[in-house]
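Just below is one structure, and these are the notes that go with it.
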Amino acid sequence: MPELDERKTKILNTIIRNYLETGEPVGSRTISKYSDLNLSSATIRNEMSDLEELGYIIQPHTSAGRIPSDQGYRFYVDNLMAEKDREVAEMKEFVIERTEKMEQVLKQVAKLLANNTNYATMITAPSYHRNKLKFIQLSHVDQEQILAVIVTEGNIVKNKMISVEETVDNETMLKLNILLNSSLNGLSLEEINLATISRLKEQAGIHSNIISDVLDAVAAAVQEDEDLQIYTSGATNIFKYPELSDSQKASELISAFEEKQQLVTLANQALTGDEEHGIQIYIGNESPVATMRDCSVVTATYELGEGMQGTIGIIGPKRMDYENVVDNLKTLKVQLDHIFKKSNDS
């Protein structure tokens with residue numbers, strides 16, 4: 001297949017996208033309207049003639065419009081899939097790199113907070129709320145399986161293998177990708193209603209069963225609860241306070257910090273609390289965690305954008321220095337926001 005320069009590639013892509021959307025032959029005026037080439041209609045017509053000569057587009061009748069040939073579709077599909085593969089690979093690298101940086105920062109934050117307050121501290125890695133779809137990519141694995149790559153807010157990538165009973169050719173795969181992305185991108189699970197699903201299945205025709213499987217995979221990807229990462233420090237500070245150093249009480253608190261399941265309850269409670277300032281104080285029996293009913297617990301929610309939230313918590317005696325604790329939490333909220341925004345921009 002002859003190689004195309006950037007200008008011809010952009011013109012061919014514009015023709016194919018417009019034809020897929022409208023089903024009508026595409027002329028030079030349409031291309032000048034929808035592409036960013038800033039070329040005259042005469043120059044676009046010359047480039048279209050070259051593309052026709054090379055076999056990428058055809059003129060179905062005497063009108064000025066062109067439609068893609070099989071060779072044109074093949075070029076578009078190969079380039080589209082290569083581009084999406086690159087995007088997914090880059091996203092995975094970015095998420096892994098950011099996760100490693102985040103783990104180091106959060107461990108340091110927990111340690112710093114314990115040193116500054118002399119209490120036990122915890123901090124959760126941010127998790128994603130109000131998840132929305134960014135894009136879906138279907139690609140062949142073999143004749144019996146399709147790989148669905150689902151990317152949600154926060155660049156979380158989920159892979160799902162889908163079994164198919166019939167062979168799906170490249171053109172159909174391309175149309176299914178375009179159909180899914182044009183209909184679902186930017187929607188949360190709650191916004192994908194029955195009308196949307198019915199329309200998708202109707203447009204997919206004989207491939208509606210694939211649409212059903214993809215929607216099931218989307219639901220699983222958006223709703224799936226990852227293991228919440230929690231970093232702790234200063235649990236032994238509990239022994240500094242006589243009212244908490246009773247062997248049974250101290251043992252229960254230390255156990256809560258080691259097993260962390262009760263800390264997940266605490267974190268989830270914090271994320272559903274007061275959204276205005278994100279700081280909550282539980283005194284004694286107000287605590288959502290039974291083993292902390294002899295303590296005071298102060299939590300704060302930090303926001304990193306795109307529905308990305310985490311919880312910072314400080315556990316100490318009821319006579320804790322509340323002013324110092326709240327000041328520390330407010331400062332950390334600002335610092336975390338700054339650190340991760342700076343990390344994202346770099």
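Index from 1, following the sequence.
K175 pairs by the side-chain hydrogen bond (donor to acceptor under 3.5 Å, both in side chains) definition with E171, not counting sequence neighbours. D5 meets the salt bridge (Lys or Arg N to Asp or Glu O under 4.0 Å) test with K8; sequence neighbours excluded. For D294, the side chain to side chain contact (heavy atoms under 4.5 Å, CB included) partners are L244, K249, not counting sequence neighbours. Scanning for side-chain hydrogen bond (donor to acceptor under 3.5 Å, both in side chains) contacts around N237 gives K240, with sequence neighbours left out.
Remark: side-chain polar atoms of T14 are paired, donor with acceptor, to backbone N or O of K10 under 3.5 angstrom. A donor-acceptor pair is defined here as one N or O able to donate and one able to accept, closer than 3.5 Å; such a pair exists between the side chain of E286 and the backbone of I283.
Between T124 and Y231, the side chains place no donor N or O within less than 3.5 Å of an acceptor N or O (distance only, hydrogens not considered). Between N46 and T43, the side chains place no donor N or O within less than 3.5 Å of an acceptor N or O (distance only, hydrogens not considered). For Y282 and Q280, the side-chain atoms include at least one donor-acceptor pair closer than 3.5 Å. Between the side chains of N209 and D213, no donor-acceptor pair of N or O atoms lies under 3.5 Å.
Expressed to the nearest 0.5 Å, how far CD1 of I162 lies from CG of L138 amounts to 6.0 Å. Atom OG1 of T117 and atom CE of M320 lie 7.5 Å apart (nearest 0.5 Å). Note that CD1 of I314 is 10.5 Å distant from CG of D321, once rounded to the nearest 0.5 Å.
We find that K318 and E243 are not joined by a salt bridge, their nearest charged nitrogen and carboxylate oxygen being 4.0 Å or further apart.
In the displayed structure, D70 atom CG is contacted under 6.0 Å by at most 12 heavy atoms of other residues, nucleotides or ligands.
Residue pairs meeting the ring pair (Phe, Tyr, Trp, His ring centres under 6.0 Å) criterion with at least one member in residues 240-262, sequence neighbours excluded, are Y119-Y241. For the salt bridge (charged side-chain N to carboxylate O under 4.0 Å, His left out) condition, the pairs that include at least one residue of residues 107-118, sequence neighbours left out, are E103-K107.
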